[in-house]
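One structure below.
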Amino acid sequence: MVQAPSTLIFQDADIVPLRLQGVENPPRSRWTTNPKSDIPAQYQLLGIATTTLVVRNQAATERFFEQMFGLSAIDHVITLNQYEHLLVQQSQIGDWLKWGPGSVDHYALGVATSTLLDALWERAAELGYQQEFRANRGYFESIYFREPSGLRIEVATNGPGFTLDESIADLGTTLSLPGEFKTRRAEITDYFARHGLLD
């Protein structure tokens with residue numbers, strides 16, 4: 001474990017490296033504290049600032065983000081905004097990859113409208129990038145691609161959002177289900193109850 005001013009660097013139980021970074025004046029429109037948590041507000045984790053993408057072809061992945069989203073890499077760092085960044089790292093094990101600790105199914109980006117989703121979907125086709133599928137999750141719409149190194153990238157609309165069926169004050173206090181799962185509420189509730197996931 002390494003400690004520095006406003007920074008804590010450590011490994012989790014699966015030896016995945018993590019860094020907690022204190023941020024002055026975080027963007028409250030995106031990162032908010034949870035008033036119902038038993039963790040004091042000043043100690044709550046507010047967001048993910050930097051994600052490392054370990055890829056087969058660093059240059060091709062960086063070109064994907066530039067061509068698709070107009071995001072250029074500087075010293076292999078893609079700046080999304082003042083607080084959020086992607087670090088593109090060349091894999092040291094060549095083409096051989098194995099699912100395990102630290103693996104994620106996808107990385108997600110947000111856009112304001114479904115019109116922007118349409119434009120990105122068409123751009124991917126024009127540029128020859130692999131399109132996977134489109135989905136309407138009820139709380140948002142999304143599209144999925146594979147970038148050249150094989151990572152799945154999701155782009156989702158910011159709205160209507162998770163306050164569609166819960167107020168911001170009650171968010172996460174009840175089991176809310178998107179449309180396609182509403183008919184399976186009893187089955188899902190039973191599963192969660194059997195696994196101790198419901199109060």
side-chain contact (heavy atoms from CB on, under 4.5 Å) between L127 and M68: does it pass, once the steps are laid out? CA-CA 9 Å; L127 294 169; M68 283 296 299; 4.0 Å; yes

Test log, rule side-chain contact (heavy atoms from CB on, under 4.5 Å), inputs H76 and E62: CA-CA 8 Å; H76 310 298; E62 291 175 356; 2.6 Å; yes

Under the criterion side-chain contact (heavy atoms from CB on, under 4.5 Å), I'd like the reasoning laid out for I153 against F65: C-alpha separation, chi angles, the key distance, then a yes or no. CA-CA 10 Å; I153 305 296; F65 278 94; 4.0 Å; yes

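Counting only distance, with no hydrogens or angles, the side chain of Q131 and the backbone of F145 share no donor-acceptor pair below 3.5 Å. Checking side-chain atoms of S91 against main-chain N and O of I93 turns up a donor-acceptor pair under 3.5 Å. Of the possible donor and acceptor atoms, one in the side chain of R185 sits under 3.5 Å from a partner among the backbone N and O of L175. T189 contributes no side-chain N or O that, together with a main-chain N or O of A186, makes up a donor-acceptor pair within less than 3.5 Å. Here the side chain of T79 pairs no donor or acceptor atom with the backbone of N81 at under 3.5 angstrom.
Remark: E132 engages Q130, Y144, R146, R152 in a side chain to side chain contact (heavy atoms under 4.5 Å, CB included) (not counting sequence neighbours). Residues that satisfy the ring pair (Phe, Tyr, Trp, His ring centres under 6.0 Å) test with Y107, not counting sequence neighbours, are absent from this structure. Evaluation of the salt bridge (Lys or Arg N to Asp or Glu O under 4.0 Å) rule for R123 yields no partner, not counting sequence neighbours.
The closest side-chain donor-acceptor pair between E141 and T157, if any, does not fall under 3.5 angstrom.
At least one side-chain heavy atom of I78 sits under 4.5 Å from a side-chain heavy atom of V88. Inter-residue side-chain proximity for N57 and P148 is flagged as unmet; no heavy-atom pair is nearer than 4.5 Å. A 4.5 Å side-chain heavy-atom check between E147 and Y129 finds every atom pair outside the cut-off. Using a 4.5 Å cut-off on side-chain heavy atoms (C-beta onward), V155 and F69 make contact. Side chains of P178 and Y139 form a contact here, defined as non-hydrogen atoms less than 4.5 Å apart. Between H85 and L80, every side-chain heavy-atom pair lies at or beyond the 4.5 Å cut-off.
Considering T115, L109, I143 in turn, I143 is the only one that fulfils the side-chain contact (heavy atoms from CB on, under 4.5 Å) rule with L120.
Cluster annotation: L116 and F140 are assigned to distinct hydrophobic clusters (Ile/Leu/Val/Met/Phe/Trp/Tyr, side-chain heavy-atom contacts under 4.5 Å, transitive). Residue Y83 is not grouped with residue L86 when hydrophobic side chains (ILVMFWY) are merged at heavy-atom distances under 4.5 angstrom, including chains of intermediate members.
Between R63 and E66 no salt bridge is recorded (no basic side-chain N to carboxylate O distance below 4.0 Å). R134 and D118 are joined by a salt bridge, as a carboxylate oxygen and a charged side-chain nitrogen come within less than 4.0 angstrom of each other.
Taking both residues in full, the closest heavy atoms of N158 and G110 are given as OD1-CA, 3.7 Å, listed atom of the first, atom of the second, then distance. Heavy-atom minimum distance, N136 versus G138: OD1-N, 2.9 Å. Of all heavy-atom pairs spanning E154 and S142, the tightest one is OE2-CB, 3.1 Å. Contact record, Q92 with Q90: NE2-O, 3.0 Å, taken as the closest heavy-atom pair.
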Would you be so kind as to tabulate the donor-acceptor pairs closer than 3.5 Å made by side chains of residues 8-17, with sequence neighbours excluded?
| unit_1 | atom_1 | unit_2 | atom_2 | d |
| --- | --- | --- | --- | --- |
| D12 | OD1 | D14 | N | 2.8 |
| D12 | OD1 | I15 | N | 3.1 |
| D12 | OD1 | V16 | N | 2.9 |

Only pairs under 3.5 Å count here: list side-chain donor-acceptor contacts from residues 38-54, not counting sequence neighbours, and write none if there are none.
| unit_1 | atom_1 | unit_2 | atom_2 | d |
| --- | --- | --- | --- | --- |
| Q44 | OE1 | N34 | N | 2.7 |
| Q44 | NE2 | N34 | O | 3.0 |
| Q44 | NE2 | I39 | O | 2.9 |

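Within 6.0 Å of the CZ atom in R137, the count of heavy atoms belonging to other residues, nucleotides or ligands exceeds 12.
Sorted by first and then second residue, the salt bridge (Lys or Arg N to Asp or Glu O under 4.0 Å) pairs with a member in residues 158-173 read K36-D170; sequence neighbours excluded.
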